[in-house]
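Heads up, the thing below is written out as structure tokens.
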Number of protein chains: 2
Amino acid sequence: MRVRLEDVARATGVSPKTVSRVLNEESSVKESTRQKVLAAMESMNYRPSPAARGLAGSRSFLVAMLYDNNDNPASTYLAEVQDGVLDACDAHRYSMMACPLRMRGQDFIRRVDALVFDHHIDGVIMTPPLTDYAPLLQRLKEHGVPYSSISPVQRDSSIGVCMDEQQAAKALVMQLVELGHRRIAHILGIANHGASRWRMAGYKDALAAAGIPFDAQYVVQGEFSFGSGVLAARELFALPELPTAIFAANDDMAAGVMWAANERGLKVPRDLSVCGFDDTPLATQLWPPLTTVRQPSREMGKLAALQLMELLRGRGPGLLVQVPYALQMRESTARAP
Amino acid sequence: MRVRLEDVARATGVSPKTVSRVLNEESSVKESTRQKVLAAMESMNYRPSPAARGLAGSRSFLVAMLYDNNDNPASTYLAEVQDGVLDACDAHRYSMMACPLRMRGQDFIRRVDALVFDHHIDGVIMTPPLTDYAPLLQRLKEHGVPYSSISPVQRDSSIGVCMDEQQAAKALVMQLVELGHRRIAHILGIANHGASRWRMAGYKDALAAAGIPFDAQYVVQGEFSFGSGVLAARELFALPELPTAIFAANDDMAAGVMWAANERGLKVPRDLSVCGFDDTPLATQLWPPLTTVRQPSREMGKLAALQLMELLRGRGPGLLVQVPYALQMRESTARAP
DNA sequence: ACGCAAATTGACAGCGCTGACATTTCTGTC
DNA sequence: GACAGAAATGTCAGCGCTGTCAATTTGCGT
């Protein structure tokens, strides 16, 4: 009923082991044999059994995508990343298991162990903030499971994908400066996220480059959520001298700022310019459309997965590749009032 | 190194097969034996190997979540559903594979076959519009793979979860009527989605109940996306007599309507009431916050998965359960001008 | 205490593949 | 043309579990 490796072997007149070699792209197979086997596989529509491969061999052809599951603030982001990862897996005949992790407590240890022991996963792809969660990384290293990180803070010693967020943030704020803004506020993301750090650093860089003194009262804490954007904006609106522009560390918070601006009777962008970061779908669904930085999440997921698979297939060490950003200047920013 | 079933057997003094029986919750094991085995498993921290179970047995303890991947308009929705599904899987020691399907062409056949043959998946969970895609359903039936549907159009003969969307839509539009609206427009979703049908039907029900004659010019086609909402709204704004309220078939389109209203200089809700459906995060991130219907996507994913697993475990036939809706009256709707 | 069906347990092969190691078939060399 | 060494291929056991079917134990009526 099912076409097995043995069937292909018989049809080709070689031993099962040779077919196995072809399947696993081992180099010690004569090209002519390889072609014959490949042809037979094709014509017989042979599909290897992952279960058998996993049981007999050391590889499972399974990778896990780990993500933080505290709430799900950035579900769009995760969905896009996951899509990219699946894309790459598909191309390389890997399968992916999605695995939300709660960072609090020991839960994540159990989960990771389960993945490693039960499923024998070959590798892991992670999104922030997991990428820099030391206990997790350590556990993975102990298990000898390779991992690929998306936008990790620690950029050495890891493979994956990143974007020059600091440069991007700087460029964005420079645009605000160009528009004549001097009192530019920033809303920070969650403290231990690399994204928060870089975007803040870029903000400072831009101010410095423009010769605008850094003023701590224009920097308020947020936590990447819409609600935190609203709160942060209210805080800023309570200052004696209102900022003329607000750079929120992500789009959700920027949306919160616009919400709060409406509430307060401020007209965006006439009275206040607002910009975010990420270019989520939300950015173009707000009125006015949000100026932001495009982060190619899908592409990044794909690249991270590809790097991992390069490594798993023994084709080189895997790299930390960088993707380009792109400023999206839209109508939420305008000349300073 | 790894604790195997055999180790547990030896420790308990029974045969491996008996341990296997306990593992699989077969009924023909004496309670006292069961307890002993269970205790040993626990203390030895035994974890069965999915690969071995899949290879030897007929079950894989794998379910697949299938979803449509045309673009990814409703990524929030899918992310929530997936989260719920994973939750349920976790509780029942199943694993889940996410599997985006492109409905165009034959691609999906290949993919489904791959899932069934390669991974021996035990069952499938689907989201609209896959739930009613005949070729897919047929293929699954041919393979004898049970499936659980989320909001299927065909409500007989399938297990899964649904919501009374028609009733919900009716109730929502009734609220508009209560607010004094008479010219209420509706923006349709994608044609073959059940959601489009039900929401439209509810809209008609409400008009009928209120004695308002149905006027076809107030119903325009959309496709669930923000952009289509904008276009549809512009169409409505070109009518000689503008509607005073617009019920969009989902939140994204409602956001598009609000965008178009802004563009046109209409003030929501003063000049125009707007409402959507789904209660995505977007709904509370718009200004003003959007009146809509809460659909518990996460819960629905979980329930659909649970129903499937009930079936798989042979605990009853599995049902099509219904979840309650909840109107979310917010500031995007107000008394008719 | 005895017999019989039902309840419980066990023996054993084998799921489809790969790892370790053995064997055969090529190379090029002198 | 014989030979060492590399290249290519083959043999075989076994990964950890479950299906099949056989064996044993138990419960119960007489």
Side-chain angles (χ1 to χ4, degrees), chain A residues 1-38 40-41 44-62 93 95 116-120 122 312-314, chain B residues 1-38 40-41 44-62 93 95 116-120 122 312-314:
Chain A
M1 86 150 238
R2 176 189 183 103
V3 184
R4 289 156 309 150
L5 186 142
E6 195 194 331
D7 302 325
V8 177
R10 195 162 9 215
T12 326
V14 299
S15 76
K17 181 66 216 193
T18 297
V19 179
S20 167
R21 288 197 175 94
V22 173
L23 190 61
N24 291 290
E25 302 183 351
E26 290 175 29
S27 56
S28 62
V29 180
K30 211 201 304 178
E31 183 56 24
S32 62
T33 316
R34 218 176 72 83
Q35 291 305 338
K36 265 195 306 185
V37 172
L38 248 26
M41 280 181 173
M44 302 175 77
N45 190 29
Y46 168 70
R47 331 223 41 173
S49 150
R53 294 227 271 177
L55 184 57
S58 49
R59 296 178 300 171
S60 64
F61 298 91
L62 258 182
R93 294 174 154 268
S95 296
V116 176
F117 284 132
D118 300 0
H119 292 284
H120 269 282
D122 289 342
L312 293 178
R313 299 189 142 206
Chain B
M1 84 151 236
R2 179 194 180 98
V3 184
R4 290 156 310 151
L5 185 141
E6 195 193 332
D7 303 325
V8 177
R10 195 159 13 215
T12 326
V14 299
S15 75
K17 180 67 214 190
T18 298
V19 180
S20 167
R21 288 195 176 97
V22 172
L23 189 61
N24 292 289
E25 302 182 350
E26 292 175 28
S27 56
S28 63
V29 180
K30 211 201 302 179
E31 183 57 24
S32 62
T33 316
R34 215 176 74 84
Q35 291 305 338
K36 267 196 305 186
V37 172
L38 247 26
M41 281 180 171
M44 303 175 76
N45 191 27
Y46 168 71
R47 331 223 40 171
S49 149
R53 295 227 272 178
L55 184 56
S58 48
R59 295 177 300 170
S60 63
F61 298 91
L62 258 182
R93 295 173 154 266
S95 296
V116 176
F117 283 133
D118 299 0
H119 291 285
H120 269 285
D122 289 342
L312 293 178
R313 300 189 141 204

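Sequence lines set the chain letters: A, B, ... in the order given, protein chains first and strands last, and positions in each chain run from 1.
Side-chain atoms of B:R21 and base atoms of C:dG10 include a donor and an acceptor less than 3.5 Å apart.
Side-chain proximity of A:L5 to the nucleotides D:dG10, C:dT9, C:dT18 is greatest for C:dT18. The side chain of B:N24 approaches D:dT18 more closely than any other nucleotide in the set D:dG10, C:dG16, D:dT18.
Each of B:Y46 and A:G13 lies near DNA chain D, and the nucleotide nearest A:G13 is the one positioned closer to the 5' end. Of the residues near DNA chain C, B:A56 and B:K30, the one whose nearest nucleotide (by heavy atom distance) lies more toward the 5' end is B:K30. Nearer to the 5' terminus of DNA chain C, by closest-nucleotide assignment, is the contact made by B:T33 (compared with the other of B:T33 and A:P16).
Ion pairing of A:D118 with B:R47 is present here, as a side-chain N (NZ or NE/NH1/NH2) and a carboxylate O approach within less than 4.0 Å.
Looking at heavy-atom distances under 4.0 Å, B:K17 makes contact with a base. Residue contacts shown for A:S28 include a base, since a base heavy atom lies under 4.0 Å away. Across all strands shown, A:P48 has heavy atoms under 4.0 Å from sugar-phosphate atoms exclusively, and none from any base.
B:T12 contributes atom OG1, which lies 10.0 Å from atom CG of B:D7 (distance to the nearest 0.5 angstrom).
With 3.5 Å as the limit, one finds a donor-acceptor pair spanning the side chains of B:S95 and A:H119.
Residue B:S49 places none of its side-chain N or O atoms closer than 4.0 Å to OP1 or OP2 of D:dC15.
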